[in-house]
> 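Below you'll find the structure I mean.
Basis for what follows: all heavy atoms, side chains included, without hydrogens, waters or symmetry-related copies.
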Amino acid sequence: MSMPKTLLVKNADVLVTMDVQRREIKGGGLYVEDNHVVSIGPSDTLPATADEVIDMAGHVVLPGLVNTHHHMFQSLTRAVPAAQDCELFAWLKVLYPIWIRLTPEMVRVSVRTAMAELMLSGCTTSSDHFYLYANGVRLDDAIEAAQATGMRFHANRGSMSVGESKGGLPPDAAVEDEAAILTDTRRVIETFHDASRFSMLRIVVAPCSPFSVTDDLMRESAALARSYGVSLHTHLAENDNDVAYSRERYGKTPSQYAEDLGWVGHDVWHAHCVKLDDHGIALFGRTGTGVAHCPCSNMRLASGIAPIRKMRRAGVPVGLGVDGSASNDTGNMIGEARQAMLLQRVGLGPDAMSARDVLEIATLGGAKVLNRDDIGALAPGMAADFVAFDMRGIGYAGALHDPVAALIFGASAQVSLSVINGKVTVREGKITTLDLPPLIEQHNRLSRQLVG
């Protein structure tokens, strides 16, 4: 039996643990064996040697950020001119006809590009909601790309089954037969889902939205997911039009719709919930139903300000999501955290959300939303997922009296170090698992081809 590979990180200006005591350790470090943390504390209390030793003087080290909602393929359609000034439904109407031209190569390249952007901004685990399966595209394409980057991945087998001819929003060419959706969902769960602790790949069952699937598919998807013990995800209550559609088509508010279909519980999370009403907030808090908060997308599409403070006070698990890069239009997790804090304040007052509140949402909150207890904090027995930001740059000058808060209040810098599952994926600001210049060139070529 081989000896475990060891990694020692030491001398961080501050090590943010997000453990039960929410310790922030000055001069801190951590000791890793293989893919998990063995010990953590002041550097002089840790083993003196390891297979690799990384000195983090001048840096803040924190748990890897957890992205709970994304559409990575949309990185190919950022800033499309006709969609720049639209609300959600009009924006979708512009982009659906473009997206149905996606190819397997485009999916693979866009996922690698999106993950690289996330990793450089402090993200170590990401969910991705993928729901377009024309032209031979399969979820396998996204999974293959994710495995090449080394990011911890929750792959959502999304679906749309109600096209325009049946009163839905997407064009008929973008939807699938419901029996085929369920068959393929079973296939990807049985082929790829890893339920074990420290799993790098989990599958999520994810019908797209109330305006693109039937009640039957929602119910069948929930039953299927629970038969395999996997999580459920969809969009809900994103803007006023979304709520109006639910009321007109179903005679229900979005939260009533979710409740009646069995889409509540610790194994469920919903994206956006900008317009979640008091009934929905109480329901989600009572049942442990999660929310992926996507502030940049909500601002970009003028959807509104999600009542995150009220949700958290009601016990709703809340995580952070960058959403698709055609509605953000970036995939910067530390930047998303900053915007989450600022948006709550502009709507609800200067004490609506603190820097440490939002760091908790971006780490522990995301882990809970994804139904995981092995990521989101640095403590013995937790996954070795952590990142470091260099605080010696101009963006943090004058802020070192509170470097943890400075990460959120200050410049949205790139990480200097990222470790995922015990492996260094970013070193001195450079991704170790991908060659970025040719990837970006290929991504831009495919984007031109797709958008036309």
> Under a 3.5 Å cutoff, is there a donor and acceptor pairing between the side chains of S75 and H443?
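Their side chains do contain a donor-acceptor pair, which is all the 3.5 Å distance test asks for.
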> Measuring only between side-chain heavy atoms, which start at C-beta, is T149 closer than 4.5 Å to R112?
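A side-chain contact under 4.5 Å exists here.
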> With no hydrogens and no angle check, just 3.5 Å: does a side-chain donor-acceptor pair link T330 and E117?
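Yes, side-chain donor-acceptor contact under 3.5 Å.
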> Would you please say whether a donor-acceptor pair under 3.5 Å links the side chains of S231 and W269?
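No, because no side-chain N or O of S231 sits under 3.5 Å from a partner of the opposite role on W269.
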> With no hydrogens and no angle check, just 3.5 Å: does a side-chain donor-acceptor pair link E238 and S303?
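Judged by distance alone, the side chains do not pair up.
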> Less than 4.5 Å apart, side chain to side chain, heavy atoms only: is that true for D357 and R312?
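They are in side-chain contact.
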> Are any of the side-chain heavy atoms of R197 and D373 separated by less than 4.5 Å?
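They are in contact (side-chain heavy atoms under 4.5 Å apart), so the answer is yes.
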> Consider only side-chain N and O atoms of D323 and Q74, and report whether a donor and an acceptor are under 3.5 Å apart.
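No, because no side-chain N or O of D323 sits under 3.5 Å from a partner of the opposite role on Q74.
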> ring-ring contact (aromatic ring centres under 6.0 Å, His included), that's the test. Do H129 and H235 meet it? Break it down for me.
CA-CA 10 Å; H129 193 180; H235 297 84; 5.0 Å; yes
> Apply the test salt bridge (Lys or Arg N to Asp or Glu O under 4.0 Å) to residues R138 and D141: give CA-CA distance (whole Å), side-chain angles for both, the deciding distance (0.1 Å), then the verdict.
CA-CA 6 Å; R138 302 195 302 168; D141 299 309; 5.8 Å; no
> Between N67 and S126, do the side chains contain an N or O donor and an N or O acceptor separated by less than 3.5 Å?
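A donor-acceptor contact under 3.5 Å links the two side chains.
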> Side chains of S447 and R78: closer than 4.5 Å at any heavy-atom pair?
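No, every pair of side-chain atoms sits at 4.5 Å or beyond.
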> Measure from the ring center of Y131 to the ring center of H71 and say whether it is less than 6.0 Å.
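Aromatic pair counts; centres sit under 6.0 Å.
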